[in-house]
**Q** 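Can you keep this structure in mind? I'll have questions shortly.
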Amino acid sequence: MLQLNYIRENKEDVLKRLAIKNFKDAETIINKVIDLDTNRRAVQKQTDDVKAEANALAKQIGELMKSGKKEEAESIKAKTADLKGKEKTFDDDLKTIEQEIHALLVLIPNLPHISVPTGKTPEDNLNIYEHGTIPTLHDGAIPHWELAAKYDLIDFELGVKLTGAGFPVYKGKGARLQRALQNFFLDKATAMGYMEVQPPIMVNEDSGFGTGQLPDKEGQMYHCTVDNLYLIPTAEVPITNIYRDVILKESDLPIMNCGYTPCFRREAGSYGKDVRGLNRLHQFDKVEIVQIAHPDKSYGILENMREYVASLLKDLELPFRTLKLCGGDMSFASALTYDMEVYSTAQKRWLEVSSVSNFESFQTNRLKCRFKGADGKTVLAHSLNGSALAFPRILASILENNQTPEGIKIPKALVPYAGFEMIS
RNA sequence: GGAGAAAUGGCAGAGCGGUCGAAUGCGGCAGUCUUGAAAACUGUUGAAGGUAACACUUCCGGGGGUUCGAAUCCCUCUUUCUCCGCCA
């Protein structure tokens, strides 16, 4: 959520940057917000004045009662009746205006960073870095879903029986590889200085709002209506919400957390080759890294996070590229996002395995996550997060890129965790 | 799930219809003293809106109500604690 003050004072800049995100009706909505805000302050002034008057009278009555001047007190009481009605009207007006402003603010996406390339589709993303060589596979190389069946690593049909499509069952070495990835990623993150947390995987409405999933992305989350809880789509939600309604000390920053959780996504509207095998699941596992940072440092930290994720992919010996997302392909809440994509040789396509973003104060404004600066003022912190990493597509590309006629070779870094070097 | 008790500032903890944004202690910050530190002493120390700055307004778990006036009374929800039940 953008800050009202910022919109008021930097209207032109806001409009310019919203255009990069291809946000329609920007001018109409922004103008409306500014008008409502002007109105809000006027009504608030009226409300406050009436309340001040009523407070003063109430005080007088108190003093008169104490000194036994009952009649005088009664005559003042009569005056307050009128104020009471006014107070109620103004209060209601104010509430309505505030709701209207909030309803509009929630529709406005975050402003992209000045370096974000313009563009509308993934084709407009900027490829800023490539690493590794795409392996040449032997004749008869097959995609991971066939490898999974051949070596009995993942049973998609069994998942359908138990739950439905998109809920695979990992078996034997497949399950062990999942566990290896979890420990490998968590160990790496901890060594980088991230503190591991194990949060709940269901969250309440406030948490869903805090990181921006609610209200607009409601349909993407599994909702347990009986208890009004949501299954998390990413550990970003519970971990970032740790810092909801918190005023940090400047010396606490940056806060670095990591956590492993299963993630649940309804993925309504997905179909075809996108959802084949491990490409897109309803339940998957991920280690997430989250930082709460000083606004002056957040872009430096974003680069560190990007490099950290790249180092994981290098450790796993996977060919990958890094994209700087264009305005049109960025998420609602992000100010700058890097996507990391691994090349899946058997599918002959790039698979997104990580997304690293700086949200600046967009989330923290909703979360009310602030810190006290040197001058004693409270300032919104910046929040950042990244996948480090999501398991399914990593597993898919390891299986596909490392297949040989003899079996599948496990990357060296993962061998101590997996406990085996080959799947054959 | 049943019965009872409670929820106040960073923490502990008073206040139970007006003078309360809230005593006191601890913690934090600044200063005095000191070569420096500790101790002691002095001062200061919640958040939001609003203003050029004041003023002013709101917030004592959330929501609603009674009253001229609510941290204090009533209703409701949530959470915590104790006892019972169930249980990985």
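Hydrogens, waters and symmetry mates are skipped; everything else that's a heavy atom, side chains included, is used.
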**Q** By nearest atom, which of the nucleotides G50(B), C68(B), C56(B) is closest to the A58(A) side chain?
**A**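 Nearest to the side chain of A58(A) among the choices is C68(B).
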**Q** NA contact type, K95(A), heavy-atom cut-off 4.0 Å: base, sugar-phosphate, or nothing?
**A**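 Sugar-phosphate, backbone atoms only, no base.
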**Q** Give me the ring orientation class for F332(A) and F362(A): parallel if the planes are under 30° apart, tilted from 30 to 60°, perpendicular past 60°.
**A**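 Perpendicular: the ring planes of F332(A) and F362(A) meet at over 60°.
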**Q** Of T80(A) and D37(A), whose closest RNA chain B nucleotide lies nearer the 5' terminus?
**A**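 Mapping each residue to its closest nucleotide by heavy atoms, the 5'-most match is D37(A).
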**Q** What is the distance, to the nearest angstrom, from the CD atom on Q60(A) to the P atom on G18(B)?
**A**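 The answer, rounded to whole Å, is 18 Å.
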**Q** State the pairing partner of U82(B); accept Watson-Crick or G-U wobble contacts with both distances under 3.5 Å, and report none otherwise.
**A**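 In the structure as shown, U82(B) has A3(B) as its Watson-Crick or wobble partner.
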**Q** Scan every strand shown for a Watson-Crick or G-U wobble partner of A40(B), both distances under 3.5 Å, and answer none if you come up empty.
**A**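 Per the H-bond distance test, U32(B).
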**Q** Taking the side chain of A52(A) as its heavy atoms from C-beta onward, which of G69(B), U57(B), A47(B) lies nearest to it?
**A**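 Nearest nucleotide to the side chain: U57(B).
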**Q** Roughly how many Å apart are G2(B) and G27(B), using the P atom of each and rounding to a whole number?
**A**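 It works out to 45 Å between them.
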**Q** What is the separation between atom CG on N55(A) and atom P on C56(B), rounded to the nearest whole Å?
**A**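 That distance rounds to 10 Å.
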**Q** Quote, to the nearest angstrom, the P distance that separates U66(B) from U72(B).
**A**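 Pairwise P distance, U66(B) against U72(B), rounds to 15 Å.
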**Q** When the ring planes of F209(A) and H102(A) are compared, do they come out parallel, tilted or perpendicular, using 30° and 60° as the limits?
**A**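 If you compare the ring of F209(A) with that of H102(A), the planes turn out tilted.
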**Q** Write down the distance separating the C1' atoms in U51(B) and U57(B), rounded off to the nearest Å.
**A**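 The same atom, C1', in both gives a distance of 12 Å.
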**Q** Any idea which of A48(B), G50(B), G49(B) is nearest the D48(A) side chain?
**A**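 Of A48(B), G50(B), G49(B), G49(B) is nearest to the side chain of D48(A).
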**Q** Select base, sugar-phosphate, or nothing to describe what D49(A) touches, counting heavy atoms under 4.0 Å on all strands.
**A**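 Answer is nothing: D49(A) stays at 4.0 Å or more from every strand.
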**Q** Can you tell me how far P in A40(B) sits from the matching atom in G25(B), rounded to whole Å?
**A**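 About 13 Å, rounded to a whole number of Å.
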**Q** Write down the partner of C59(B) under the Watson-Crick or G-U wobble criteria, each distance required to be under 3.5 Å.
**A**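 Its partner is G46(B).
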**Q** Between D91(A) and K95(A), does any side-chain N to carboxylate O distance fall below 4.0 Å?
**A**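 Result for this pair is no, no salt bridge flagged.
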**Q** Just how far, in rounded Å, is P of G64(B) from CG of D91(A)?
**A**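 For the pair D91(A) CG and G64(B) P, the rounded distance is 10 Å.
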**Q** Select base, sugar-phosphate, or nothing to describe what K377(A) touches, counting heavy atoms under 4.0 Å on all strands.
**A**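 Result for K377(A) = nothing.
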**Q** More 5' along RNA chain B: I61(A) or K372(A), using each one's nearest nucleotide?
**A**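 Checking each residue's closest nucleotide, the 5'-ward one belongs to K372(A).
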**Q** Hey, does T47(A) reach any base, or is it just sugar-phosphate, or nothing, if we go heavy atoms under 4.0 Å?
**A**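 The answer is nothing, as T47(A) stays clear of every strand by at least 4.0 Å.
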**Q** Does the structure show a Watson-Crick or G-U wobble partner for U51(B), both distances under 3.5 Å? Name it, or say none.
**A**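 WC or wobble partner does not exist here.
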**Q** With both distances kept under 3.5 Å, what pairs with G10(B), Watson-Crick or G-U wobble?
**A**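 Check on G10(B): paired to C26(B), both distances under 3.5 Å.
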**Q** Taking the C1' atom in each of G21(B) and C33(B), what is the distance between them to the nearest angstrom?
**A**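 The same atom, C1', in both gives a distance of 34 Å.
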**Q** Roughly how many Å apart are C11(B) and G61(B), using the P atom of each and rounding to a whole number?
**A**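 Straight-line distance between the two P atoms is 13 Å.
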**Q** Is C73(B) paired to anything, Watson-Crick or G-U wobble with both distances less than 3.5 Å, and if yes, which nucleotide?
**A**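 Because both required distances fall under 3.5 Å, C73(B) counts as paired with G65(B).
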**Q** In terms of side-chain geometry, is the basic nitrogen of D37(A) or R40(A) positioned less than 4.0 Å from the acidic oxygen of its partner?
**A**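 Judged by the 4.0 Å cut-off on N to carboxylate O distance, D37(A) and R40(A) do form a salt bridge.
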**Q** Any luck finding a side-chain donor-acceptor pair between Q363(A) and S383(A) under 3.5 Å?
**A**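 Note: Q363(A) and S383(A) side chains meet the donor-acceptor criterion.
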**Q** Whether the N304(A) and Q291(A) side chains hold a donor-acceptor pair (N or O, under 3.5 Å, no angle test) is what I'd like checked.
**A**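 Their side chains do not contain a donor-acceptor pair, so the 3.5 Å distance test is not met.
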**Q** May I have the distance from D206(A) (atom CG) to G62(B) (atom P), rounded to whole angstrom?
**A**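 Checked: the CG to P distance equals 13 Å.
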**Q** Can you see if the side chain of K51(A) gets near the phosphate of G69(B) - specifically, an N or O under 4.0 Å from OP1 or OP2?
**A**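 No, no such contact exists.
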**Q** Expressed as a whole number of Å, how far does the P atom of A6(B) sit from that of C16(B)?
**A**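 The answer is 15 Å between these two P atoms.
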**Q** For the side chain of Q44(A), counting heavy atoms from C-beta on, which of G49(B), U67(B), U51(B) is nearest?
**A**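 From the listed options, G49(B) comes nearest.
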**Q** Search all heavy atoms of I239(A) against all heavy atoms of P199(A) and return the closest pair with its distance.
**A**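 Heavy atoms of I239(A) and P199(A) come nearest at CG1-CG, 4.0 Å.
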**Q** So if I take every side-chain heavy atom of K59(A) and compare against U19(B), G69(B), A47(B), which nucleotide ends up nearest?
**A**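 Side chain of K59(A) sits closest to U19(B).
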**Q** Just how far, in rounded Å, is C1' of C68(B) from CD of E53(A)?
**A**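 Result: 13 Å.
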**Q** Hey, is the side chain of R40(A) poking within less than 4.0 Å of OP1 or OP2 on G50(B), counting only N and O atoms?
**A**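 Checking G50(B) against R40(A), a side-chain N or O does come within under 4.0 Å of OP1 or OP2.
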**Q** Who does C16(B) pair with, Watson-Crick or G-U, both distances under 3.5 Å?
**A**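 Base-paired to nothing in any strand shown.
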**Q** Take atom P in G10(B) and the same atom in G28(B), then report the distance between them in whole Å.
**A**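 Those two atoms are separated by 15 Å.
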**Q** Over how many whole Å does the gap from F90(A) atom CZ to U58(B) atom P extend?
**A**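 About 15 Å, once rounded to whole Å.
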